Amino acid sequence: MGLLDGRIALVTGAGHGIGRGHAMELAKHGASVVVNDLGTSVHGEGVSTAAEETVRLIEKAGGTAVANFGDVSDFEAAGQMVHQAVDTYGQLDIVVNNAGVVRDATIWNMTEQDFDVVMRVHVKGTWATSRHAALHWRARNKAGEADVNGRIINTTSGAGLGGNFGQTNYAAAKGAIVGMTLTLALELHRIGVTANAIGPSGLTRITATMPGMGQSFEPDEVPEGAYHPMDPSNSSPLVVWLASGEAAHVTGQVIRSIEDRIIWMQGWKERKAVSAGGKKWDATDLGDVMATEIFETRHPGMRF
């Protein structure tokens with residue numbers, strides 16, 4: 001018995017790297033998988049049939065999968081992905097939003113198009129597939145299915161959680177995905193759907209664009225059962241577990257998977273507070289208050 005026997009999954013951006021690892025791992029544990037990938041470059045240019053290679057690898061290992069070549073940032077195409085899962089396998093249970101592109105540049109060099117493309121693929125793409133899946137699950141719930149047991153697993157990154165030089169677009173997108181995930185968790189909880197975000201790592205086509213990171217490689221290049229600290233599929237077992245019945249109680253969480261570590265993240269919280277004592281603050285008083293009671297330092301270049 002697999003953890004996901006009889007379950008139906010959609011994985012976006014699954015033609016390469018981390019997404020391919022997720023799709024293969026989901027299939028390994030019994031899920032039937034819709035493998036989505038438009039087949040673009042890491043910059044969102046061109047098209048290819050990369051999804052078919054992932055399907056081939058899944059079928060070679062004895063799993064079940066179909067390819068989808070839709071653009072996640074196209075609202076209608078995102079809906080067609082959900083419809084394909086339902087038409088092919090009867091329903092949809094798991095959505096793994098992994099598709100992404102990068103167009104790195106410092107703020108003074110980044111173009112409007114660089115910003116818009118990255119936001120569209122990551123943020124709108126995550127929202128569009130989630131929205132269509134939510135409609136499917138809500139309809140099932142209204143038809144009498146008390147607990148549809150749906151799963152949304154989104155993808156954030158270290159850039160979205162802590163910023164990264166030259167990635168105002170990518171960091172903004174990945175941070176937005178966290179906020180979206182928290183809201184989806186609140187909105188979908190009553191119909192039995194969980195929403196969580198993972199922060200994966202690995203040597204992928206995207207990380208290969210960064211100085212000093214080295215060449216990317218695919219999950220199928222690592223021998224079965226072997227461990228490589230930068231294997232793009234290292235986070236895939238976490239995805240499988242979050243997609244399973246064992247994680248029905250887990251929602252609204254951000255969990256990173258870095259090499260062999262699983263890291264439960266704690267988001268923004270109050271670090272320190274000071275009250276004005278029932279009156280409006282005077283800006284001229286804030287210098288001393290911030291230095292002595294909040295930051296506890298006057299260093300002008302402080303960074304936390």
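Just so we're clear, the structure is a prediction, and the values are computed from it rather than from any experiment.
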So, the side chain of [X] versus the backbone of [Y]: is there a donor-acceptor pair under 3.5 Å, distance only?
{"X": "K174", "Y": "L161", "answer": "no"}
{"X": "R256", "Y": "I262", "answer": "no"}
{"X": "S235", "Y": "S257", "answer": "no"}
{"X": "W137", "Y": "L92", "answer": "yes"}
{"X": "T49", "Y": "E52", "answer": "no"}
{"X": "D116", "Y": "Q113", "answer": "no"}

For the residue pair [X] and [Y], what are the closest heavy atoms and their distance?
{"X": "N164", "Y": "A159", "answer": "CB-CB, 3.8 Å"}
{"X": "R151", "Y": "G245", "answer": "NH2-CA, 3.9 Å"}
{"X": "A23", "Y": "I58", "answer": "O-CD1, 3.7 Å"}
{"X": "S275", "Y": "G277", "answer": "OG-N, 3.0 Å"}

Side chains of [X] and [Y]: closer than 4.5 Å at any heavy-atom pair?
{"X": "K124", "Y": "M119", "value": "no"}
{"X": "V66", "Y": "V35", "value": "no"}
{"X": "Y227", "Y": "D260", "value": "yes"}
{"X": "R103", "Y": "M110", "value": "no"}

Inset, instruction - Determine the interplanar angle of the H132 and F75 rings, folded into 0 to 90°, and report it as parallel if under 30°, tilted if 30 to 60°, perpendicular if over 60°. - result: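 If you compare the ring of H132 with that of F75, the planes turn out tilted.
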Inset, instruction - Check the side chains of Q167 and N169 for a donor-acceptor pair under 3.5 angstrom, ignoring hydrogens and angles. - result: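 No pair is found: no donor N or O on one side chain lies under 3.5 Å from an acceptor on the other.
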Legend entry - Between E218 and H16, a side-chain donor and acceptor under 3.5 Å: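 Their side chains do contain a donor-acceptor pair, which is all the 3.5 Å distance test asks for.
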Legend entry - Matching residue for V240 among L3, V96, I94 - test: side-chain contact (heavy atoms from CB on, under 4.5 Å):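 Result for side-chain contact (heavy atoms from CB on, under 4.5 Å) with V240: L3.
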Side-chain donor-acceptor contacts of residues 4-12 below 3.5 Å, not counting sequence neighbours, with atom names and distances?
| unit_1 | atom_1 | unit_2 | atom_2 | d |
| --- | --- | --- | --- | --- |
| D5 | OD1 | G2 | N | 3.3 |
| D5 | OD2 | G2 | N | 2.8 |
| R7 | NH1 | N149 | O | 3.0 |
| R7 | NH2 | N149 | O | 2.9 |
| R7 | NH2 | A243 | O | 3.1 |
| T12 | OG1 | N98 | N | 2.9 |
| T12 | OG1 | A99 | N | 3.0 |

Got a list of side-chain donor-acceptor pairs under 3.5 Å for residues 187-198, not counting sequence neighbours?
| unit_1 | atom_1 | unit_2 | atom_2 | d |
| --- | --- | --- | --- | --- |
| N196 | OD1 | G252 | N | 3.3 |
| N196 | OD1 | Q253 | N | 3.0 |
| N196 | ND2 | V250 | O | 2.9 |

Inset, instruction - I would like to know whether N154 and T126 meet side-chain hydrogen bond (donor to acceptor under 3.5 Å, both in side chains); could you show each step before the answer? - result: CA-CA 7 Å; N154 293 330; T126 297; 4.9 Å; no
